[in-house]
Amino acid sequence: MTSGPPGTTGPPGTVGPPDAPPRLPREIWVLVCAAFLVAVGYGLVAPALPTFARSFHVGITAATAVISAFALFRLGFAPVSGRLVNALGERRVFLLGVGIVALSTGACAVAQTYWQLLLFRALGGIGSTMFSVSSVSLLLRMAPPAGRARASGLWSTGFLLGGVTGPLFGGGLVAVSLRAPFVVYAVALVLCATATGLLLRRSALSGRIPGGGVSGTSVRAALRTRAYRGALAASFANGWAVNGVRIALVPLFVVEGLHEQPSWAGFALGAFAVGDMGTLLLAGRWADRRGRRRPLLAGLLVTAGVTAVLGVSGSLPLFLVGSLLGGVGSGMLVPAMNATVADVIGGRGRGGPVLAGFQMVSDLGAILGPVLTGLVVEHASYGTAFALAGLVAVAAWAVAVRAPETLGQPPVATPMSEPTR
């Protein structure tokens with residue numbers, strides 16, 4: 001017996017109202033809440049980390065290296081995380097990853113030297129990538145095919161809300177002690193892992209795949225599809241323009257380019273978050289009802305256009321409007337590209353390495369983007385740097401536009417216990 005067509009409801013084989021979205025399982029809401037708590041904690045330590053590193057009497061480069069080390073360990077350990085998901089299952093890797101971040105964060109709170117802080121924070125990147133790959137894999141495997149983009153939008157919204165909320169509390173904790181945010185984050189992670197483990201321990205959806213099979217979709221097989229290559233290109237562009245350049249250049253451009261107070265950078269980032277959160281759920285419904293391709297391409301075009309002109313906006317109001325529209329572009333893009341990767345993998349098996357590769361290109365863009373655009377600013381201008389980020393999104397669009405629609409299409413391969421297509 002097979003599931004009904006996209007947009008149908010009810011048990012497999014039944015058809016409900018044509019436009020009624022399928023109900024998302026309870027377990028997905030558990031993952032959304034977990035993402036929110038993890039993001040809140042990350043926001044707690046973000047304001048304290050560079051200052052804490054500087055308290056060991058090191059330079060600015062050494063202080064920023066603590067942040068880079070976390071990202072580099074995330075990137076380097078992602079392939080291992082993908083294999084662990086296939087070998088151990090998402091739930092175990094999820095709990096193990098959160099536990100590692102909790103231990104490393106607690107260790108940061110008691111670090112006595114800069115090198116200890118650097119090591120402990122870097123090890124946290126290992127747990128972070130385990131959490132990310134396993135939770136997204138579990139989220140997309142549990143969601144019905146016609147609800148994958150909506151589930152991704154909810155999960156991303158939880159992360160965004162946590163990311164906005166965390167620094168508000170983190171700033172207050174820093175006033176108490178530079179070590180306090182790390183202690184609070186470590187405790188919150190332990191509580192998060194405990195609650196998630198209890199809520200999912202008896203869940204059939206989050207347990208082992210029936211028959212013990214694992215996904216037959218290898219990275220090599222996925223790379224042969226234009227859909228996965230398009231999603232990779234979009235993920236790299238999103239990492240470069242949104243997760244990298246936006247955070248690195250916006251605060252500097254507000255002060256040095258627009259000659260405004262640094263506080264306006266926070267308002268610009270907040271405007272982006274508003275546009276992003278306001279679009280994620282709507283874009284998820286769009287992608288689940290009408291297909292992944294259109295919102296993905298539209299998101300890339302909006303991201304490209306807005307990012308390219310941000311650096312030449314001559315006034316603060318225009319810059320704030322551009323930041324808001326940049327969030328709209330990201331909100332359209334993220335659910336569609338996540339759902340595309342889930343469609344390539346299919347819902348019956350695990351695709352840890354495929355998801356890990358998808359995450360790696362985003363992390364790579366977030367690492368390379370700030371470095372290369374920083375060099376462009378030094379040797380050219382802010383306008384050129386933002387234009388370069390826009391060109392990266394245009395190049396991603398040129399790859400993604402050749403990709404077919406994946407909603408309602410069969411995955412690349414079936415579980416290994418069955419013949420592959």
Side-chain angles (χ1 to χ4, degrees), residues 35 71-72 74-79 81-82 85 128-129 131-137 139-140 148-149 151-153 155-156 159-160 217 219-220 222-247 276 279-280 283-284 287 292-304 307 326-327 329-345 351-370 372 388-404 406 412:
L72 288 174
R74 266 182 59 91
L75 179 65
F77 200 77
S81 297
V85 164
S128 176
T129 193
F131 159 79
S132 298
V133 173
S134 60
S135 57
V136 172
S137 177
L139 178 91
L140 298 178
R148 287 170 179 162
S152 171
W155 192 80
S156 299
F159 239 106
L160 272 173
T217 308
V219 175
R220 181 177 298 178
L223 283 172
R224 288 198 292 266
T225 69
R226 286 179 293 176
Y228 184 64
R229 294 198 299 269
L232 287 181
S235 182
F236 179 80
N238 190 62
W240 180 296
V242 175
N243 299 329
V245 172
R246 175 178 60 92
I247 295 175
D276 202 352
T279 310
L280 278 168
R292 327 299 195 194
R293 191 171 181 272
R294 290 180 180 177
L296 189 152
L297 295 176
L300 282 173
L301 285 179
V302 173
T303 298
T307 305
S330 178
M332 287 192 290
L333 173 62
V334 170
M337 68 179 183
N338 287 348
T340 298
V341 176
D343 292 341
V344 170
I345 297 170
V354 176
L355 281 169
F358 177 66
Q359 175 187 289
M360 284 179 68
V361 296
S362 178
D363 288 342
L364 185 61
I367 292 171
L368 292 178
L372 295 181
L388 174 61
L391 285 176
V392 171
V394 170
W397 182 90
V399 176
V401 75
R402 302 181 63 225
T406 59
V412 171

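For the single chain, residues carry numbers from 1 onward in sequence order.
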Handout entry: Nearest atoms (heavy-atom pairs only) where Trp397 meets Leu297
Key = CD1-O, 3.5 Å
Exercise for the section: Flag the pair Leu140 / Ile345 as yes when at least one side-chain heavy-atom distance between them is below 4.5 Å, and no otherwise. Expected result: no
Handout entry: CD1 on Ile367 to CG on Leu372, rounded to 0.5 Å
Key = 11.5 Å
Exercise for the section: Locate the shortest heavy-atom distance separating Gly331 from Ala283; write the atom from each residue and the value. Expected result: O-CB, 3.3 Å
Practice task
Might you point out which heavy atoms bring Val85 and Ser137 nearest each other, and give the distance in Å?
Solution key: CG1-OG, 3.9 Å
Practice task
Drop me the distance from Leu75's CG to Leu364's CG, to the nearest 0.5 angstrom.
Solution key: 6.0 Å
Exercise for the section: Measure across Arg229 and Leu223 and return the closest heavy-atom pair with its distance rounded to 0.1 Å. Expected result: NH1-O, 2.7 Å
Handout entry: Distance-only side-chain donor-acceptor flag, Arg74 / Ser128, under 3.5 Å
Key = yes
Handout entry: Min side-chain heavy-atom separation Leu388-Trp240 under 4.5 Å
Key = yes
Exercise for the section: Could you check if a side-chain atom of Leu160 sits within less than 4.5 angstrom of a side-chain atom of Leu280, using non-hydrogen atoms only? Expected result: yes
Problem - Thr307 side chain vs Ala304 backbone, donor-acceptor pair below 3.5 Å - result: no
Completion exercise
Leu232 and Gly357 have their tightest heavy-atom pair at CD2-O, 3.9 Å
Problem - Asn338 and Phe358, any side-chain heavy atoms less than 4.5 Å apart - result: yes
Practice task
Kindly say whether Arg402 contributes a backbone atom to a donor-acceptor pair with the side chain of Arg226 at under 3.5 angstrom?
Solution key: yes
Problem - Considering all heavy atoms, the nearest Ser81-Thr129 contact - result: OG-CG2, 3.1 Å
Practice task
Working to the nearest 0.5 Å, report the span between OG1 of Thr279 and CG of Leu333.
Solution key: 11.5 Å
Practice task
Would you confirm whether Ser235, through its side chain, and Ala231, through its main-chain N or O, come within 3.5 Å as a donor-acceptor pair?
Solution key: no
Practice task
Indicate yes or no: at least one non-hydrogen side-chain atom of Arg293 is less than 4.5 angstrom from one of Val401.
Solution key: yes
Exercise for the section: Using modelled atom types only, decide if a donor and an acceptor are shared between the side chain of Ser362 and the backbone of Gln359 within a distance under 3.5 Å. Expected result: no
Handout entry: Asn238 side, atom CG; Thr303 side, atom OG1 - distance, nearest 0.5 Å
Key = 6.5 Å
